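Note that the coordinates shown come from a computational prediction; the quantities given were computed from them, not determined experimentally. In the text below, chain A, chain B and the rest are named by the order of the sequence lines, each starting its count at 1.
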2 protein chains.
Amino acid sequence: MVENSELRKVGLKVTLPRVKILQMLDTTDRRHMSAEDVYKALMEAGEDVGLATVYRVLTQFEAAGLVVRHNFDGGHAVFELADGGHHDHMVCVDSGEVIEFFDSEIEKLQKEIVKRHGYELVDHNLVLYVRKKA
Amino acid sequence: MVENSELRKVGLKVTLPRVKILQMLDTTDRRHMSAEDVYKALMEAGEDVGLATVYRVLTQFEAAGLVVRHNFDGGHAVFELADGGHHDHMVCVDSGEVIEFFDSEIEKLQKEIVKRHGYELVDHNLVLYVRKKA
DNA sequence: ATGAATGCAAAAACTTTGCATGACG
DNA sequence: CGTCATGCAAAGTTTTTGCATTCAT
């Protein structure tokens, strides 16, 4: 199993809940799931994992760099597998659909702005709220 | 009083709590306050306003465009007076300091990216997490 | 006067934590 | 086997809501 080595690689003991949660994030058709989403999906799949464990494991995964946590608009956080490289998000205000994008020009400008202010960029969060053109 | 006409202008009845909260946001030295911050500041100023009212009023102010709500990193939301034009934020991960900035190039690029995907930009949220250069 | 706004307390939504039990290496 | 992870339930945070009372127009 590929996932198990992923877990060991980041220094996490390979336990059933951790494997199941990682698989769920990997195999779901939704890119972004809340802790509750993961929990419900596992329950429906007949996997018996506690919600508290889901929260704990997702937090560990985030610390390990396996997943990325997003706080799109308050309320609940969503998590996505840290598959490829970095990207930002567009959220459709009508459908809730999430589109990922990456723009190197914007990335570059961010670094420049920060440097101009005497800082260095640690991380950033860019969400574009959009609507389908009429 | 300037604030009272502000309230009437947006269709909100001029009540003591609303005036006090608006004044607090206007006169504080902090640009960004949470609902709790506003509540505590009012209490210390001897103003007797309920926390629930602070939440309700801030939400109304946001809907009216008088304030802008930010969800910097989960946890609690912060509000700032919608004084001038739009701007984005840098948050220092060490000190918590918030710096405002505006970059027309980034703004332009956002619109272009969205258009390229067949959408129109409704709003956006950009926060740069930074650290003072060593 | 009358409808909206407030305050309080209770509830809701999301997340974290304490502790006894169970599982991994 | 020892230690770390889990599950449950309880507690913590932040925000919202129901309802009786008060206030603005």
Exercise for review: Start with the C-alpha gap between B/H86 and B/H124, add the side-chain angles, then the distance that decides, and say whether side chain to side chain contact (heavy atoms under 4.5 Å, CB included) holds.
Suggested key: CA-CA 10 Å; B/H86 160 76; B/H124 76 253; 3.1 Å; yes
Review point. Starting at the 5' end of DNA chain C, which residue's closest nucleotide do you reach first, B/K13 or A/E36?
Key: B/K13
Review point. Would B/H117 and B/Y119 count as a close aromatic pair, with their ring centres under 6.0 Å?
Key: no
Exercise for review: Whole angstrom is fine here: how far is it from CG in A/L51 over to P in D/dA11?
Suggested key: 18 Å
Review point. Could you walk me through whether A/D83 and A/R31 pass the side chain to side chain contact (heavy atoms under 4.5 Å, CB included) check?
Key: CA-CA 10 Å; A/D83 270 337; A/R31 278 283 293 167; 3.1 Å; yes
Point to revise | B/R69 vs B/L16, nearer the 5' end of DNA chain D by closest nucleotide | key: B/R69
Review point. Counting any heavy atom closer than 4.0 Å, what does A/R18 reach on the DNA or RNA strands: base, sugar-phosphate only, or nothing?
Key: sugar-phosphate
Point to revise | Side chain of A/T53 (C-beta onward), nearest among C/dG3, D/dA5, D/dT6 | key: D/dT6
**Study point:** Proximity to the side chain of B/A52 - top-ranked nucleotide from C/dC14, D/dT3, D/dT16
**Key:** D/dT16
Practice item. Round to a whole Å and report the spacing from CD of B/E62 to P of D/dT15. Key: 12 Å
**Study point:** Closest-nucleotide 5' rank along DNA chain C - winner of B/V54 and A/T59
**Key:** B/V54
Review point. End-to-end bend of the helix from C/dA1-D/dT25 to C/dG25-D/dC1 (five-pair axes, 10° rounding)?
Key: 30°
Review point. Between C/dT6, C/dG25, D/dT15, which one does the side chain of A/V14 approach most closely?
Key: C/dG25
**Study point:** Shortest non-hydrogen contact between B/Y39 and B/L51, atoms and distance
**Key:** CE1-N, 3.5 Å
Check your understanding: Taking atom types as they are modelled, is there a donor-acceptor pair under 3.5 Å from the base of C/dG25 to the side chain of A/R8?
Key -> no
Point to revise | Nearest-angstrom distance from the residue atom CG of B/L58 to P of D/dT16 | key: 10 Å
Check your understanding: Which of these nucleotides, C/dT15, D/dT6, C/dA4, is closest to any side-chain atom of A/Y55?
Key -> C/dT15
Exercise for review: Please assess A/K9 against A/E6 for the test side chain to side chain contact (heavy atoms under 4.5 Å, CB included), listing each intermediate value before the final yes or no.
Suggested key: CA-CA 5 Å; A/K9 205 184 303 173; A/E6 289 289 327; 3.5 Å; yes
Check your understanding: Can you tell if the side chain of A/H70 reaches within under 4.5 Å of the side chain of A/V127, non-hydrogen atoms only?
Key -> no
Check your understanding: Expressed in angstrom and rounded to an integer, what is the separation of B/L7 atom CG from D/dA24 atom P?
Key -> 13 Å
Point to revise | Whole-Å gap separating C1' (C/dT6) and CD1 (B/I21) | key: 10 Å
Exercise for review: Find the distance B/R56:CZ to C/dT6:C1' and express it as a whole number of Å.
Suggested key: 6 Å
Exercise for review: May I ask you to decide if the ring planes of B/F72 and B/H32 are parallel, tilted or perpendicular, using 30° and 60° as cut-offs?
Suggested key: tilted
**Study point:** Euclidean distance, atom OH of residue B/Y39 to atom C1' of C/dT6 [Å, nearest integer]
**Key:** 13 Å
Review point. Is the distance from OP1 or OP2 of D/dC4 to the nearest side-chain N or O of A/T15 less than 4.0 Å?
Key: no
Check your understanding: In whole angstroms, how far is the P atom of D/dT17 from the CD atom of B/Q60?
Key -> 12 Å
Exercise for review: Kindly say whether B/V122 contributes a backbone atom to a donor-acceptor pair with the side chain of A/R131 at under 3.5 angstrom?
Suggested key: no
